[in-house]
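These notes concern the structure reproduced below.
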Amino acid sequence: MSELALDAQARPRAVPSRLADPSLWLFGALIALLVLLVANPILRLLAESLRNADGGFSLASYAAALGRSRHLQALLNSLYLGVAVTALAAMLGVPLALAVSRTNMPGRGLTHLGVLAAFVMPNFLGAIAWILLAGPNAGWLNRAWVALFGTETGPLNIFSFWGLAFVIALYTYPLVYVFTKSALDLVSTELEDAASIHGAGKFHTLARVTLPLVLPSIVGAGILIFLETIALYGTPALIAIPAGLNLATTQIVSFFEYPLRVEQAAAFSMPILAMTVALLVLQRRLLAKKGFVSVSGKGGERRPFDIGWWKWPLLAYAALVGLLSVVLPLVILLLASVSRAWGRGIVSGNFTLANFHAIFFEQLTVRSALLNTVLYSGATALVCVGMGLCVAYATQRRITPFPNLLQFLALAPVAVPGLVLAIGLYAAYAGPPFSLYGTGLLIVIAFTTRFLPIAVVASGASIRSLNPELEEAGRILGAGRLTVLRRIVVPLLAKPLAGVFILVFVICTKELSTAVFLTGPASRVVSVLTLDLSEQGNYEVLAAMGVVLVVIVTAVVGLGMRIAGRDFMLRR
């Protein structure tokens, strides 16, 4: 062997610098992107609230936004509405969760699918449907009442506080159902058997044993519904404004009328943001305590509870909830979509397909909104899956420095209501240097910021189920982090990631609060266009547009059920 070869063997090999690892640069760029997406709009929201119209530091915006009795009354009205909706949603969701998870009620699978359909149904379409059903004069249910009983008017008026609360509860109760059912599925029947042995009846056992065990989950879901209600804009815009009911979200939107008062909108949103953070912390602590009695090291038996003939009233109740939340709204939307004038009802000469012809071939605004909705939702879902997987992988495998900070940034939008986040996004990106107002890119940025936490949490749960030894084997054979992620992790998680994609896609098609301030004439989506068409009273075309959107979303959900399983939309 030559002296040169001996010298080469004697010299130690250079240890490659960690900075040469391309994955480190990728995840570093990911952190920078998260700061831009999440921290920037939230900080801009706070900065806007602390400046005056001239750009200087001032608390005048808080005095102007919170110093008027009308504005304070709007906040109180939202609090009252949040409490009412939470109570109604619990009345709808908890019995259904008990029926499906713990009893021998027939039709449990169909009931579960009904809850899924209520979750998928956009709440603004549900509001439109119930305006057609329970409007005080022309509503179909009121007209049927008048025809049957000969009264001058019907008993229903959707344009009221309780009408608004009822409609919102119909499309938020799936949250209570999911949280309660998930907790009930962990409660062993042995605990209930022990109560029965000591003489407790079936309903006494449910009330004193089963429900207390899942109470933290019910309260946690109630907190989320309360927060969603006070931050909701679509349904209040359609029902509360005609009813003369001023809410926090409708008041915030009024700050964006001429003259534009972004700083007052930001200041007015701060109490909502503070309340959201406080209640989310409370919810987290409640859910951290759940199951401390019911979950042990051994798997307990779980079997349906025989409730005797009570299963039939319970089935009737489940059917009634499905009728109110899904069947009646879909039927009225379909009938209105094929009517020349929806108020005439089912009479000869009122049937037409012109509304569908109009949205596909005549009204470019509607067709553009449908295409934009599908395009922006698909782009957002793709970005969320990619970023969510990278964030979850980096934090679960501790690849980057400060993994907890990275996860905090990714999950922070959960604590910011959609309408409040929209104000921050408007302040951050509408003007120079980005000047993105009215563009599709800003809608995708807004949706990505809002729904990234869904992808991060779902991807994190999937990555935790993977054995790290699979990735370590790839690393031993010389693959880099990115190659391992691309060639091993992604193929193994293909089905869960497809489920996350479809879940984010469906939620984006329903989103209005984030889009309402940010869309322009060329980037309008269906949810925003719904408000415009409802103000014009063009319910026939609006119903046709809603039917098309429901068909698209249903097809996507059906595809997701085949790929990721029947319950992919209703998992915690």
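Looking at heavy atoms from C-beta onward, Leu419 lies in side-chain contact with Val516 at the 4.5 angstrom threshold. You'll find the side chain of Lys181 stays beyond 4.5 Å of the side chain of Leu96, heavy atoms only. The side-chain heavy atoms of Ile128 and Ser534, taken from C-beta on, include a pair separated by under 4.5 Å. Using a 4.5 Å heavy-atom cutoff, the side chains of Thr519 and Leu442 are not in contact. At a threshold of 4.5 Å between non-hydrogen side-chain atoms, the residues Val556 and Phe505 count as touching. The side-chain heavy atoms of Cys384 and Thr380, taken from C-beta on, include a pair separated by under 4.5 Å. Contact annotation: the side chain of Tyr233 never approaches that of Leu247 to less than 4.5 Å [non-hydrogen atoms, C-beta and beyond]. The shortest distance between side-chain heavy atoms of Tyr62 and Met270 falls below 4.5 Å.
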**Request:** Decide side-chain contact (heavy atoms from CB on, under 4.5 Å) for Phe226 and Met275; before the verdict, give the C-alpha distance in whole Å, the side-chain angles of both, and the deciding distance to 0.1 Å.
**Result:** CA-CA 11 Å; Phe226 177 87; Met275 184 186 304; 3.7 Å; yes
**Request:** Apply side-chain contact (heavy atoms from CB on, under 4.5 Å) to the pair Leu436 and Ile445, showing each step before the final yes or no.
**Result:** CA-CA 10 Å; Leu436 295 179; Ile445 290 173; 3.8 Å; yes
**Asked** Between Leu75 and Ile272, is a side-chain contact (heavy atoms from CB on, under 4.5 Å) present by the stated rule, with each step listed?
**Response** CA-CA 8 Å; Leu75 287 172; Ile272 302 174; 4.1 Å; yes
**Prompt:** Do Leu370 and Arg367 pass the side-chain contact (heavy atoms from CB on, under 4.5 Å) test, and can you show the C-alpha distance, the side-chain angles, and the key distance before you say yes or no?
**Reply:** CA-CA 5 Å; Leu370 284 167; Arg367 187 172 64 188; 5.7 Å; no
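Note: Phe517 and Phe256 have parallel aromatic rings, judged against thresholds of 30 and 60 degrees for the angle between ring planes. Taking the six-membered ring where the residue is Trp, Phe447 and Phe451 present tilted rings, their angle falling between 30° and 60°.
The shortest non-hydrogen separation linking Leu170 to Ala118 is O-CB, 4.1 Å. Shortest non-hydrogen contact noted between Gly234 and Leu512 is CA-CD2, 2.9 Å. Heavy-atom minimum distance, Leu542 versus Thr530: CD1-O, 3.5 Å. Across every non-hydrogen atom of Ala415 and Leu273, the tightest pair is O-CD1, 3.3 Å. Listed here is the closest heavy atom pair of Trp130 and Pro329: NE1-CG, 3.7 Å. In plain terms, the two heavy atoms of Val456 and Gly388 that are nearest each other are CG2-CA, 3.8 Å.
The cationic group of Lys510 lies under 6.0 Å from the six-membered ring centre of Phe119 and within 45° of the ring axis, placing it in a cation-pi geometry.
Between Glu257 and Ser254, the side chains place no donor N or O within less than 3.5 Å of an acceptor N or O (distance only, hydrogens not considered). Ser325 and Tyr171 are not linked by any side-chain donor-acceptor pair at a separation below 3.5 angstrom, with hydrogens and angles left out of the test.
Within the 3.5 Å criterion, the main-chain N or O of Leu66 finds no donor-acceptor partner in the side chain of His71. Side chain of Ser523 to main chain of Gly438: a donor-acceptor pair is present (N/O by atom type, distance under 3.5 Å, no hydrogens or angles). Judged by distance alone, the side chain of Thr514 and the main-chain N or O of Ala422 form no donor-acceptor pair under 3.5 Å. The backbone N or O of Val385 sits nowhere less than 3.5 Å from a side-chain atom of Ser459 that would complete a donor-acceptor pair. Remark: side-chain polar atoms of Ser49 are paired, donor with acceptor, to backbone N or O of Leu46 under 3.5 angstrom. Checked by atom type and distance alone, the side chain of Asn372 pairs as donor or acceptor with a backbone atom of Arg524 at under 3.5 Å.
Taken to the nearest 0.5 Å, the CZ atom of Phe161 stands 7.0 Å off from the CG atom of Leu245. Rounded to the nearest 0.5 angstrom, Thr448 OG1 and Leu441 CG are separated by 9.0 Å. Of the inter-residue distances, the one linking Thr249 atom OG1 with Phe268 atom CZ reads 9.0 Å to the nearest 0.5 angstrom. Expressed to the nearest 0.5 Å, how far CG of Asn77 lies from OG1 of Thr250 amounts to 8.5 Å. Separating the CG atom in Leu559 from the CD1 atom in Ile502 is a distance of 4.5 Å, to the nearest 0.5 Å. Leu382 CG to Ser377 OG: the interatomic distance, rounded to the nearest 0.5 Å, is 12.5 Å.
A ring-centre distance under 6.0 Å is not found for Tyr437 and Tyr429.
When each of Asn40, Leu45, Val38 is checked for a side-chain contact (heavy atoms from CB on, under 4.5 Å) with Ile42, only Val38 meets the rule. Shown are Thr509, Leu549, Ile552; of these, the side-chain contact (heavy atoms from CB on, under 4.5 Å) with Val374 is made only by Ile552.
Crowding of Tyr80 atom OH: a count of heavy atoms from other residues, nucleotides or ligands under 6.0 Å not exceeding 12.
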